[in-house]
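I have placed the structure first, in the form of structure tokens, so that the comments after it can refer back to it.
When a residue number appears, it is its place in the shown sequence, counting from 1.
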Amino acid sequence: MEHTQAYDGPTDLGEDGPTGAGVGRLVGSDRVLAVLKELARHPDGAGLEELTRVIGSPKPTVHRALGALRRAGLADQDVRGRYLLGDEFLRMAFAHHEARPDHVRVRPVLDALARRFGETAHYAVLEGHEVVYRAKVDPPSGAVRLTSTIGGRNPAHATAVGKLLLARELGSVAEVETWLAGAPLERRTPRTLCAAADLYRELVATRERGYGVDDEENEAGVTCLALPVFLISPTTPSGAVSVSALAYRTPLATLVDALDQIRALLGPLAGPHI
């Protein structure tokens, strides 16, 4: 089925002429922005007829909007005559994105998680056999806090974040063994998974459920639930956000029961589920 979208914005008869009872038209800059947003939905380009149909404005009007975008370098036309986002738009988008550090983008989410659960929220990335904490928000004052630090590291196989991100990279026992490269896995607590087969089974379970857990595997008395975040690619996580809790205060089952709430707080950063 062909994708269409209704645009809600200021309306006017304007240059488009009478629109009929109850039917509005996009005006000026709103129309240009609507065309730009529609182009973003077509990485292989879109024809003028298709854009006209989806936007709901006359062909000459859409053509003028495309002309304005092309003059600004925000749109281009390929040899087939199809329109697509221009190189200048992509350059600006990527430059803007790279200028925004990860911790700036995830900080509001971490704040919300720490307030909601009264526990510590982290953002971490996978580096080799370890996870590195890029951002951390402690619970409100008065609560017992964890000793983790920004820039600190923990073994990936013992953490919810690490297992979640490894689950996307290691698809077989052989790949787990290659990743280990013959090195033994550190046993942080009696619950730490230290055998390749055990770790692989946990990675399979993690992929199937879409989130990672640490049931006192990295530190006795501390549980954790992690979800991927997608800051760059819509399909490859840039890292993961986790809620790390004291088990006596917030058992792992409590975090699992609140999974939908955690996803809701992540908002668009949650991306697709595994």
With the threshold set at 4.0 Å, does a side-chain nitrogen-carboxylate oxygen contact exist between R53 and E50? no
Taking only residues two or more places apart in sequence or in another chain, which ones pass salt bridge (Lys or Arg N to Asp or Glu O under 4.0 Å) with R71? none
Minimum heavy-atom distance S148-H122, with the two atoms named: OG-NE2, 2.6 Å
If I compare all heavy atoms of L146 with all of L246, which pair ends up nearest, and what's the gap? CD2-CD2, 3.9 Å
CG (L69) and CG (L39) are apart, to the nearest 0.5 Å, by 7.0 Å
dist F117:CZ -> Q261:CD (nearest 0.5 Å) comes out at 5.5 Å
Students should find that the hydrophobic cluster of Y200, defined by side-chain heavy atoms under 4.5 Å apart, otherwise consists of L126, V131, Y133, V161, L165, L166, L170, V173, V176, W179, L180, L185, L199, L203, V204
Intermediate values then yes/no, side-chain contact (heavy atoms from CB on, under 4.5 Å), R80 and D44: CA-CA 11 Å; R80 303 167 300 167; D44 194 41; 3.5 Å; yes
Would I150 end up clustered with Y123 when hydrophobic side chains under 4.5 Å apart are linked, directly or stepwise? no
Check: T192/H157 side-chain N/O donor and acceptor closer than 3.5 Å: no
Shared hydrophobic cluster, V125 / V137 (ILVMFWY, side-chain heavy atoms < 4.5 Å): yes
Can you list the residues that meet the side-chain hydrogen bond (donor to acceptor under 3.5 Å, both in side chains) rule with E175, with sequence neighbours excluded? none
State which residues pass side-chain hydrogen bond (donor to acceptor under 3.5 Å, both in side chains) with E130; sequence neighbours excluded, sorted by chain then number. R153
Extract all donor-acceptor atom pairs below 3.5 Å that involve side chains of residues 222-234 and protein atoms in other chains or at least two apart in sequence.
| residue | atom | partner | partner atom | Å |
| --- | --- | --- | --- | --- |
| T223 | OG1 | T250 | O | 3.4 |
| S233 | OG | T235 | N | 3.1 |
| S233 | OG | T235 | OG1 | 3.1 |
| S233 | OG | T236 | N | 3.1 |

Closest approach of T189 and A220, non-hydrogen atoms and distance? CG2-N, 3.6 Å
Is the backbone of L48 close enough, under 3.5 Å, to the side chain of T52 for a donor and an acceptor to pair up by distance? yes
Test of understanding: with side-chain hydrogen bond (donor to acceptor under 3.5 Å, both in side chains), list the residues that count as partners of E219, not counting sequence neighbours. none
Qualifying residues under salt bridge (Lys or Arg N to Asp or Glu O under 4.0 Å), relative to R188, sequence neighbours excluded: E186
Hey, could you give me the CZ/CG distance between R134 and L110, rounded to the nearest 0.5 Å? 13.0 Å
Backbone of A158 reached by a side-chain donor or acceptor of K163 within 3.5 Å: no
Okay, side chain of R82, backbone of G45: is any donor-acceptor separation there less than 3.5 Å? yes
Test of understanding: with side-chain hydrogen bond (donor to acceptor under 3.5 Å, both in side chains), list the residues that count as partners of D260, not counting sequence neighbours. none
Hey, what do you get for CD (E202) to CG (D215), rounding to the nearest 0.5 Å? 9.5 Å
Crowding at NE2, H63 (>12 non-hydrogen neighbours, <6.0 Å): no
The criterion is salt bridge (Lys or Arg N to Asp or Glu O under 4.0 Å); which residues satisfy it with R187, sequence neighbours excluded? none
Under the side chain to side chain contact (heavy atoms under 4.5 Å, CB included) test, which residues partner P60, sequence neighbours left out? P58, R64
Output all residues satisfying salt bridge (Lys or Arg N to Asp or Glu O under 4.0 Å) with R116, sequence neighbours left out; order by chain, then residue number. none
Would you give the length of the straight line joining atom OG of S244 to atom CG of L113, rounded to the nearest 0.5 angstrom? 10.5 Å
Gap between atom CZ of R209 and atom CG of L164 - 0.5 Å precision: 9.0 Å
At their closest point, which heavy atom of G221 faces which heavy atom of E216, and how far apart are they? N-OE1, 2.8 Å
Under 3.5 Å, which donor-acceptor pairs link side chains of residues 83-90 to any protein atom two or more places apart or in another chain?
| residue | atom | partner | partner atom | Å |
| --- | --- | --- | --- | --- |
| Y83 | OH | Q77 | NE2 | 3.4 |
| E88 | OE1 | R91 | NE | 3.1 |
| E88 | OE2 | R91 | NH2 | 2.7 |

Which atom of T206 lies closest to which atom of G212, heavy atoms considered: CG2-CA, 4.0 Å
